[in-house]
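Any value given below was found using the heavy atoms of this structure, including those in side chains, with hydrogens, waters and symmetry copies removed. Letters A, B, ... are given to chains in the order of the sequence lines, protein chains preceding strands, and every chain is numbered from 1.
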Amino acid sequence: MINEQTSYRVRFAPSPTGHVHLGSARTALYDYLIAKKTGGQFILRIEDTDRKRLVEGAEEELINGLHWLGIDWDEGPLKGGPYGPYRQSERKEIYQKYARQLVEKGWAYYCFCSTVRLKQVREEMQKQKQPPHYDGSCRTISLEEAEKRIENGEPYVIRFKTPKEGKTVVNDLLRGEITFENKNLDDYIIVKSDGWALYHLAATVDDHLMKITHVIRGSEWLPTSPLHHLIWQAFEWNEPTWVHLSVFLKPSGKGKMSKREAVQLSNDGYSIFIKDLEDLGYLPEAVNNWIALMGWSYDDHTEYFTLDDLVEKFSLEKLNPSPAAINFSKLDHFNKMHIKKLSERELAERISPFFKKNNIDAPIDQLEKIAPALKERIITLDDSVEMCEFLFKEDISHEPDALLIRDISLERSKEISEKVIEVVRSIETWTLASIEEQITAYMEKEALEPRQLLSYLREAISGQRITPPLFDCMYVLGKEKTISRLEGSREILAAL
RNA sequence: GCCCCCAUCGUCUAGCGGCCCAGGACGUGGCCCUCUCAAGGCCAAAACAGGGGUUCGAUUCCCCUUGGGGGCACCA
């Protein structure tokens, strides 16, 4: 049963019915990693057979999300491939053909029960404390009679004829053998009355036709896995290796993510949707690193991974089957780590869009100069705007009181605000080193503490209480602008 | 109600019978460094759900209980 093939063919098969969330992204990532690692192929397949649930733009969002994360597929939409089409909505006839095969082999049957009757049956079963299953009343209809009724235009579905006795054993890579009593299984519908195949049939047929060796999917599929196993057997096809991933729980660890929690999260500056993460200032590198480690580990201490590292180190055997609570402070941590690893130029390029979004004209070259200081202190990319927008704005404002130098008289403050301008003027070569040297010398001369003079200068040139290191700020601001801001502050003080 | 899965610090996890009076990371607290904010350094508190077995020896294997999660659609 275990697949001996060394290069894996895996598929990520989302349905375009909403936003892509962390759980799907992690499945896609694992698919990508194991395909790359084994020199196999990663197939993207769109499962859009339920026409009613389609959401406009969802497929585009999905593709953008994967691109942003750097997860590229070998076969699928946009790329094509030898086993296409890769959109299930374009494969309707294929599923019908195989469904018919199942009927002919006696593994499936036509069912003419109305939804009204089905509902009644279910309710009756529940009243009797039985699993709410189909009662199998159409099982006994002969193929001949069924075909006649179909010809007469009677609506029908196709059901899988699940054995009533015995057991079905599914082999999961992480959990081993899982045994299900057939009597607890249902005669699941595999083709709807509109002629579209349901997941169970469509995915099985596609996985076979696309030569998938390993199916990596969420553990919400575990309860229907015996059905899938049975369908594979009915076709006498070689089953892929099943890997059911754990689910993600909400940050508290109690229950899975609900809509309410998702809203609460976005109020806190977080999101479980991939499309939001970019705008929130997260790096795809960090997101990958973070989700990779939710349910997988490499050893007892390594935590920092690039995508390439992951490709090299990833293995299905180290997957953890237990559910994992989402921990956003860990995302922040990884974001900091990956920001630090960025070159100054790269960081400048990545934060630039956030300045644009805030209508601040921040030249890349300037951003690059402040990048070293920024690297050490921003958590998300957008933090950089708040921290150094004053460098690029024309006007800044002050609370007059904030300009007062601590522990000295107002007169002395005024005097220093005057003199320090001369010191700055006298700096001939505007470099980080000379700025620091001259200011420090002046500070000593006046017997001022750093917390006095430098705090004043910080407020004077920025209007902010928190900035990157002062000398870096002055350096990037430029001599002229520094002087004019010091003059502005001097005026405010003089008026007090 | 029925079926299935899971179970180590608050959280993510290492551990696949003795290396473990349980290791790492995030977060938390303290100290040092310091021009703000960070970063960095050092230190601390913090876990094997409970009960039975198996074994010379269980966090590791088995069973039960409890707890948590998932599923029971003409959705995936």
Side-chain angles (χ1 to χ4, degrees), chain A residues 13-17 47-50 52-53 111 113 115 118-119 122 125-133 155-159 170 172 174-175 178-181 183-186 188-196 198-200 202-203 217-226 244 246-247 249 251-256 290 293-304 318 320-334 336 340 373-379 383 387 439-440 443 449-459 462 464-471:
Chain A
S15 38
T17 53
E47 310 230 322
D48 54 353
T49 53
D50 188 357
K52 292 191 293 290
R53 294 204 317 149
C111 171
C113 294
T115 49
L118 257 24
K119 205 177 154 206
R122 254 200 302 277
M125 295 293 211
Q126 255 159 345
K127 222 176 283 172
Q128 292 174 24
K129 311 231 170 185
Q130 294 286 312
H133 287 164
Y156 67 94
V157 300
I158 299 177
R159 286 183 185 273
V170 175
D172 178 81
L174 308 182
R175 295 158 234 265
I178 305 170
T179 304
F180 298 83
E181 299 283 343
K183 65 171 193 281
N184 292 323
L185 269 27
D186 200 358
Y188 303 88
I189 293 171
I190 53 177
V191 177
K192 296 189 275 183
S193 56
D194 62 6
W196 283 101
L198 251 29
Y199 173 91
H200 314 298
R217 41 142 67 153
S219 66
E220 64 271 19
W221 288 110
L222 232 27
T224 38
S225 62
H244 290 95
S246 64
V247 291
L249 270 23
S252 65
K254 304 272 180 234
K256 69 169 182 181
W290 179 50
L293 255 20
M294 295 178 68
W296 175 83
S297 61
Y298 176 62
D299 57 20
D300 65 350
H301 64 281
T302 315
E303 293 223 312
Y304 177 88
K318 296 279 282 180
N320 186 157
S322 52
I326 298 170
N327 182 349
F328 283 97
S329 60
K330 199 116 186 187
L331 204 215
D332 285 339
H333 171 250
F334 282 124
K336 279 192 257 184
K340 272 194 203 178
L374 236 30
K375 254 191 200 182
E376 298 295 323
R377 56 209 87 214
I378 59 174
I379 297 172
D383 289 343
M387 189 159 282
I439 297 286
T440 307
M443 187 162 67
E449 296 284 327
R451 51 186 275 273
Q452 297 177 299
L453 210 225
L454 302 189
S455 296
Y456 165 73
L457 289 174
R458 168 168 290 108
E459 175 63 33
S462 73
Q464 296 180 186
R465 276 182 38 244
I466 297 170
T467 72
L470 180 65
F471 304 124

Among the nucleotides B/C35, B/C37, B/C12, whichever has the atom closest to the side chain of A/R377 is B/C37

Under the ring-ring contact (aromatic ring centres under 6.0 Å, His included) test, which residues partner A/Y456, sequence neighbours left out?
none

Nearest-nucleotide 5' precedence on RNA chain B, A/L470 against A/Q130:
A/Q130

With a 4.0 Å cut-off on heavy atoms, is A/N320 in touch with a base, just the backbone sugar-phosphate, or nothing at all?
sugar-phosphate

Are the side chains of A/F471 and A/L454 in touch, meaning some heavy atoms are under 4.5 Å apart?
yes

What I'd like to find out is whether the side chain of A/I326 reaches to under 4.5 Å of the side chain of A/L249, using heavy atoms alone.
no

Looking only at N and O atoms, is any donor in the side chain of A/R458 or the base of B/C35 less than 3.5 Å from an acceptor on the other one?
yes

Considering residues at least two apart in sequence or located in another chain, which fulfil the side-chain contact (heavy atoms from CB on, under 4.5 Å) criterion with A/E220?
A/V247

Taking a pair to mean Watson-Crick or G-U wobble geometry with both distances below 3.5 Å, B/U60 pairs with none

Applying a 3.5 Å limit to both distances, which nucleotide forms a Watson-Crick or G-U wobble pair with B/A49?
B/U65

When the P atoms of B/C63 and B/C5 are compared, how many Å lie between them, rounded to an integer?
11 Å

Any base atoms under 4.0 Å from A/G218, or only sugar-phosphate, or nothing? Heavy atoms, all strands.
nothing

Check salt bridge (charged side-chain N to carboxylate O under 4.0 Å, His left out) between A/E459 and all other residues, then give those that pass, not counting sequence neighbours.
none

In whole angstrom, give me the gap between the C1' atoms of B/U66 and B/G24.
30 Å

All side-chain contact (heavy atoms from CB on, under 4.5 Å) counterparts of A/I189, not counting sequence neighbours:
A/V157, A/R159, A/L198

Who pairs with B/G1 - Watson-Crick or G-U, where each distance is under 3.5 Å
B/C72

Paired with B/A25: which nucleotide, if any, by Watson-Crick or G-U wobble criteria at under 3.5 Å for both distances?
B/U11

If the condition is side-chain contact (heavy atoms from CB on, under 4.5 Å), which residues does A/D48 pass it with, not counting sequence neighbours?
A/P16, A/I46, A/R51, A/L54, A/R87, A/Q88, A/S89

Can A/D332 and A/S329 be counted as having a side-chain donor-acceptor contact under 3.5 angstrom?
no

Using the C1' atom on both, measure B/G29 against B/U65 and round to a whole Å.
37 Å

Between B/A25, B/C35, B/C5, which one does the side chain of A/I178 approach most closely?
B/C5

OP1 or OP2 of B/C2 less than 4.0 angstrom from a side-chain nitrogen or oxygen of A/K127, does that happen here?
no

How far, in whole Å, is B/C33 from B/A14 if one measures between their P atoms?
39 Å

Is the closest side-chain heavy-atom distance between A/S225 and A/F180 below 4.5 Å?
yes

Which residue lies more 5' along RNA chain B, comparing A/M387 with A/I326 via nearest heavy atoms:
A/I326

Which of these nucleotides, B/U36, B/C12, B/C35, is closest to any side-chain atom of A/L454?
B/C35

Just to verify, what does A/S252 make a side-chain contact (heavy atoms from CB on, under 4.5 Å) with, not counting sequence neighbours?
A/K250, A/K254

If pairing requires Watson-Crick or G-U wobble contacts with both distances under 3.5 Å, which nucleotide is the partner of B/C20?
none

Indicate whether OP1 or OP2 belonging to B/G40 is found under 4.0 Å from a side-chain N or O atom of A/K340.
yes

Any side-chain donor near an acceptor of the partner, A/R175 and A/H244, under 3.5 Å:
no

Could you run through nucleotides 62-76 of chain B and give me one letter per nucleotide, 5' to 3': B if any protein heavy atom sits under 4.0 Å from the base, S if only the sugar-phosphate is that close, - if neither?
-------SBSBSBBB

A/F328: partners by ring-ring contact (aromatic ring centres under 6.0 Å, His included), with sequence neighbours left out:
A/Y270, A/W290

Residues at least two apart in sequence or cross-chain that pass ring-ring contact (aromatic ring centres under 6.0 Å, His included) with A/Y199, listed by chain then number, are A/W221, A/H228

Any base atoms under 4.0 Å from A/S252, or only sugar-phosphate, or nothing? Heavy atoms, all strands.
nothing

In chain order, what residues pass the ring-ring contact (aromatic ring centres under 6.0 Å, His included) check against A/H333, with sequence neighbours excluded?
none

Among B/A25, B/A39, B/C35, which nucleotide has an atom closest to any side-chain atom of A/F471?
B/C35

What's the gap between B/G30 and B/U8 when it is taken at their P atoms, as a whole Å value?
30 Å

Answer yes or no: does a side-chain N or O of A/N327 lie under 4.0 Å from OP1 or OP2 of B/U13?
no

Pull out every protein N or O sitting under 3.5 Å from an N or O of nucleotides 27-32 of chain B, one pair per line with the distance.
none

5' to 3', nucleotides 41-49 of chain B under a 4.0 Å protein heavy-atom cut-off (B base, S sugar-phosphate only, - none) gives ---------

Pairing nucleotide - B/U34, Watson-Crick or G-U, each distance under 3.5 Å
none

C1' gap between B/U28 and B/A46, integer Å
10 Å

Spacing of the C1' atoms in B/A58 and B/C16 (rounded, Å):
13 Å

Between B/C12 and B/G27, how far is it from one C1' atom to the other, in whole Å?
11 Å

With a 4.0 Å cut-off on heavy atoms, is A/K318 in touch with a base, just the backbone sugar-phosphate, or nothing at all?
sugar-phosphate

